[in-house]
Protein chains: 2
Amino acid sequence: MDMKPNSPPETNRSLPIALLRAREKVMGPIRAMLNDVGVTEQQWRVLRVLNERGTLDPTEIAERSCLLLPSLTRILQTLEGKVLISRAPHPTDRRKQLVTITGSGRQLIVDNLQESQRLNQWLRDSFGAAKLDELLDLLNELDALERDSGR
Amino acid sequence: MDMKPNSPPETNRSLPIALLRAREKVMGPIRAMLNDVGVTEQQWRVLRVLNERGTLDPTEIAERSCLLLPSLTRILQTLEGKVLISRAPHPTDRRKQLVTITGSGRQLIVDNLQESQRLNQWLRDSFGAAKLDELLDLLNELDALERDSGR
DNA sequence: CCCATCTACTTAACATGTTAATCACAATTG
DNA sequence: CAATTGTGATTAACATGTTAAGTAGATGGG
């Protein structure tokens with residue numbers, strides 16, 4: 001037990017940094033793929049959510065794609081400009097809107113989904129399916145934690 | 001085996017999203033703490049690296065704090081403006097510079113390190129020390145992976 | 001020594017992250 | 001129904017992320 005008192009965690013044992021580095025490893029190739037198509041990682045997330053879940057309002061898109069509403073507002077404007085999504089007013093609540101992916105949007109996903117899945121599969125093979133699942137379980141547990149937080 | 005063919009991973013089982021959500025859980029309280037002091041999460045990372053490792057050049061700071069050089073350039077300008085770091089030309093290589101944390105910078109760390117460690121400890125207690133270590137191991141393994149990448 | 005090339009850092013341009021403020025509309029209450 | 005409060009989305013302002021281009025200084029031949 002030769003641990004120094006109050007020894008702060010090395011940057012390698014810092015969870016925020018470790019999460020950041022891991023994310024970079026995984027997203028790097030995906031970002032490169034999307035860069036060729038002209039959409040960002042965040043725009044891709046929004047399109048995938050809309051493709052999987054159908055028409056949604058911005059608040060739910062934000063939750064599912066892990067974006068804050070101010071960012072999403074700008075992203076939706078961009079995607080609408082590219083005609084990858086369309087927006088319609090909510091029939092009863094005039095504060096809301098309904099966002100739908102367009103045919104072009106779906107096509108963009110179709111064009112890139114295979115490559116995306118290939119990258120996923122490569123990760124599974126390289127890292128190991130068991131460890132990947134274990135990692136996902138731990139991350140989801142961590143996320144499910146703290147509904148109160150230590151502050 | 002009732003798996004649908006080509007079934008894409010749900011957003012919850014997507015590693016990039018899971019990493020993002022987990023990071024938000026961990027960083028949220030830390031960000032709040034730093035927000036009160038007037039430094040960002042990235043500025044905090046740079047200061048901690050400089051405090052732990054001493055005088056460094058920007059390239060090494062970028063690696064250790066997980067920032068890209070263009071971001072770091074702006075961050076160093078900001079930190080220099082706040083007199084939390086100082087910059088000096090490299091004695092032999094005039095392309096480089098040497099960045100050092102100032103007394104004010106060290107003081108800022110001292111003032112917030114305890115709270116930071118308290119939040120870390122709370123995470124360890126809530127999540128479990130064993131699982132936290134396991135998670136860190138998996139993340140580091142993932143990071144150490146792919147020196148070639150699947151592209 | 002000169003040139004081609006590489007390296008360290010910076011700048012530029014655009015997209016997103018983050019917090020606070022704002023606006024329109026909805027829901028609630030008196 | 002009017003006033004208050006809450007909600008959904010947007011805007012504003014500043015910081016960072018990301019890619020590409022630029023600049024100054026080092027480095028390695030010829």
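Everything numeric in this text was worked out from a predicted model, so none of it was measured. Residue numbers begin at 1 in each chain, while the letters A, B, ... track the order of the sequences.
Residue Glu41(A) is out of contact with every strand shown, counting any heavy-atom pair closer than 4.0 Å. Residue contacts for Ile75(B): at a heavy-atom cut-off of 4.0 Å it reaches the sugar-phosphate backbone alone, with no base atom in range.
Rounded to whole Å, atom C1' of dC9(C) lies 12 Å from atom CD1 of Ile61(B). Here the P atom of nucleotide dT16(D) and the CD atom of Gln77(B) are 11 Å apart, to the nearest Å. Note: NE2 (His90(A)) to P (dA9(D)) measures 9 Å, nearest angstrom. One can place CZ of Arg95(B) at 17 Å from P of dT11(C), the figure rounded to the nearest angstrom. The distance between atom CG of Leu56(B) and atom P of dA8(C), rounded to the nearest whole Å, is 14 Å. Atom CG of Leu67(B) is separated from atom C1' of dC9(C) by 15 Å (rounded to the nearest Å). Here the P atom of nucleotide dT16(D) and the CZ atom of Arg23(B) are 13 Å apart, to the nearest Å. Going from atom CG of Leu68(A) over to atom P of dA9(D) covers 14 Å, rounded to whole Å.
The side chain of Ser71(B) places an N or O atom within less than 4.0 Å of a non-bridging phosphate oxygen (OP1 or OP2) of dG17(D). The side chain of Arg31(B) places an N or O atom within less than 4.0 Å of a non-bridging phosphate oxygen (OP1 or OP2) of dT18(C). Dashed line: the shortest gap from a side-chain N or O of Gln42(B) to OP1 or OP2 of dG17(C) is not under 4.0 Å.
DNA chain D is contacted by both Thr78(B) and Leu69(A); Leu69(A) maps to the nucleotide lying nearer its 5′ end (nearest heavy atom per residue). Comparing Arg74(B) and Asp93(A) against DNA chain C, the residue whose closest nucleotide sits nearer the 5' end is Arg74(B). The 5' end of DNA chain D is approached more closely, in terms of each residue's nearest nucleotide, by Glu60(A) than by the other of Glu60(A) and Gly28(A).
Ion pairing between a basic and an acidic side chain is recognised when a charged N comes within 4.0 Å of a carboxylate O; Glu63(B) and Arg21(A) show no such pairing. Checked for salt-bridge contact, Glu24(B) and Arg31(B) meet the test: a charged N lies under 4.0 Å from a carboxylate O. For the pair Asp137(A) and Lys131(B), the salt-bridge criterion is not met [side-chain N within less than 4.0 Å of a carboxylate O].
A donor-acceptor pair under 3.5 Å is formed between the side chain of Gln43(B) and the backbone N or O of Thr40(B).
Of the listed residues (Leu50(B), Leu79(B), Leu56(B)), just one forms a side-chain contact (heavy atoms from CB on, under 4.5 Å) with Val99(B), and that residue is Leu50(B).
Listed nucleotides dA8(C), dA26(C), dA9(D) differ in distance to Pro58(A); the shortest reach to its side chain belongs to dA9(D). Closest to the Asn35(B) side chain, of the nucleotides dT16(C), dA20(D), dA20(C), is dA20(C). Residue Gln97(A) has its side chain nearest to dA9(D) when only dA9(D), dT19(D), dC9(C) are considered.
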